[in-house]
Amino acid sequence: MPIIAHTDGWILQTQTTAYALGFDSDGRLVNRWWGVRLPYPEDYPAPPDSDGYASFNGPAHLLPEEYPAYADGLNYTEPCLKLTYPDEVRAVILKLEDSTHSDDTLILTLTDPAYPALHVMLYYTLHAQTDIIARRAVITNTGNVPITLERVWSALWYIPQDGLNFRHFTGRWNDEFILREETLTHGVKTIESRRLTTSHHHNPYFALHRDATEDSGDVWFGLLAWSGNWSIRAEVTDFGGVRLGVGVNDWDFAYQLNAGESFRTPTAYAGYTQGGFSAASRNLHACLRGTLPHAGQPRKVLFNSWEVSEFDVNEASQKGFAQAAAAIGCELFVMDDGWFNGRDSDSAGLGDWWPDARKFPDGLTPLVTHVNALGMDFGLWIEPEMVNPASDLYRKHPDWVIHHPNRPRTQARNQLILNLARTDVQEYLITALDKLLTQHNIAFIKWDMNRNVSEAGWPDAPGHPRELWVRYVDGLYHVWGTLRQRHPGVLWQSCSGGGGRADWGILRYADQIWLSDNTDPTRRLPMQANFSHVFPPETLESWVTDMGADYLPLAFRYHVSMCGVLGVGADITRWSDKQRDQARQLTEAYKAVRDVIQFGDVFRLVQTDPYYAMQYLDATAENGVLFVFRTYAPEPTAPMRVRLRGLQPDRLYRVEDHAVVRSGAAWMADGLTVVLGNFESRLLKLTAT
Ligand code: GLA
């Protein structure tokens, strides 16, 4: 049984892990265990109890409360829930009222006996096969006077070890997914977004460990599936316990919960493994693959026009690129920015989502037909959440943007943000984009968002204006979800100036993510490997562009992009016949192994500059792909030693280019030596004999 209820509370069991909770003597819901699964229910520690410490810290401060509210007694740690009752009381005391569970979900209902209108439902859903637990909360006002919410986290996780290192990813536009790691010390460490989008600067992902490596060691890891402001807060208390809160950011946040209304938090996913970072990411991949909209559908090799044409697109030029793209094996032709009304630069057009008659006198249909006749699907770029002041839409609806009255409307890239919290804006976008998708044979949409928020006001908000942060994201999900439902065959890419919206929340709507506008392959190597901690390869779109062409061979650039969903964004019409021929062969080689790459297990074998090695292995462990790269290092440099992973120890395997057939155990323990020159790379197939 995955969920065991007994006198001490509940034990939630996944394949190899367990999470146990229960009650202290005052009825507080407390954590008992998060770690390896133990043989017997009696093995798990009893719920901790405490009388407090001196007169300065009460029991609630010392106990690992599952969902602490502010402020229950002498407690100064970070709470999950902060609110103000209609009578201005801000102290909340939660007691269990009800519990129920199915095979995979435990639902606990907590209430505040003095304020029975408040219902807090905690959901624990087990993804047992992948050792992942998903937590979320639903707060309901069953009374008839509004309650003001000020913080509602999705989960608080307790890590039963101290001296922990905190791993996370930071970055900025054009430089995403830099791996950071620091030892947690007393106090609070926060990573967050305050920008309305998710992830240029920090990704809503964490991993905590003491001395784990890629292959071994205890790791507690997780993320928040949300595409707006979020925070992850790791706190080491005065008694040394480590707790980590995950949720919508409470920075500038308030939410008026009216009579009968519920607030649903996004889901926080987390897991524990003894297998190091590699196992942690494979568990996340397997879990996400269970919910991806087009799970298991091979992603097509695409061509994208942006770095080639920028805003200068028209029917004739794009037909030319389509011809060239088809000839090198592309299967999907995506026209990026520049195609819609009035769009010659970034200073006009956003909001007016119909083809520019100067560039496409007969609409998009002739181009789409041409692309389809070449045997490719057609895709299109849009940036629905934005408006240029120089657009019909803004001239008609200047009040539709996020703004404060009497304050400047700060433009970034000459654009303002439509307030997607507004239902009229949502309806406009659904109608305009539905028309676009209905009138054309569009198989793929790249959904972009190219600025961060400023002057985050919502005049005439029906509730609290600070609900904007959450209602905007709900509106985004509503628009995207409606379009998805009406056009189920379309695949979508999430882009926000590169990796500004790389999160599991958007992956309920999007199929692929544009990791970064930085397409230089040597920069992409670590970036892509770091991305793979959180996301599986079928979500990673990666183009071969002209960046790096001055110092890297074409094969190197292709091999980097093959470590995900291969795309091309280079001016292929300027490539020589020889280069185009090579590109076609490399694309064929990719297609031959793409199922293994896109749906396989991922192993980051080597990540020490100048050497990088990535391995992909199918579910049967019979077919694998190994990519090896050397960037630049002056000679003499020792060759790269690669030890393979995930093979069946007793089976015999062949590694392409190597004469010997050896056991999986030998390839994993001894491995192979790869001799590469500067800026060389190789794709090597692994095959069980
Ligand atoms: C963003 C994207 C690019 C491209 C441009 C178009 O920067 O990340 O890939 O689509 O917008 O304006």
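Both counts, for ligands and for their atoms, begin at 1 and track the order of listing.
Taking the side chain to side chain contact (heavy atoms under 4.5 Å, CB included) definition, one finds that A529 meets it with R604, Q607, M614, sequence neighbours left out. For F311, the ring-ring contact (aromatic ring centres under 6.0 Å, His included) test picks out W306, with sequence neighbours left out.
In summary, the aromatic rings of W514 and W543 are positioned with their centroids under 6.0 Å apart.
Among pairs with a residue in residues 361-382, those fulfilling salt bridge (Lys or Arg N to Asp or Glu O under 4.0 Å) read K300-D377, at least two apart in sequence or across chains.
Residue R413 qualifies as enclosed at atom CZ: its count of foreign heavy atoms under 6.0 Å is above 12.
Near ligand 1, residues W306, D336, D337, W381, R413, K446, D448, N450, C495, G497, G498, W514, D517 come within 4.0 angstrom through at least one heavy atom.
By the 30° and 60° cut-offs, the orientation of the rings of F679 relative to F556 is perpendicular.
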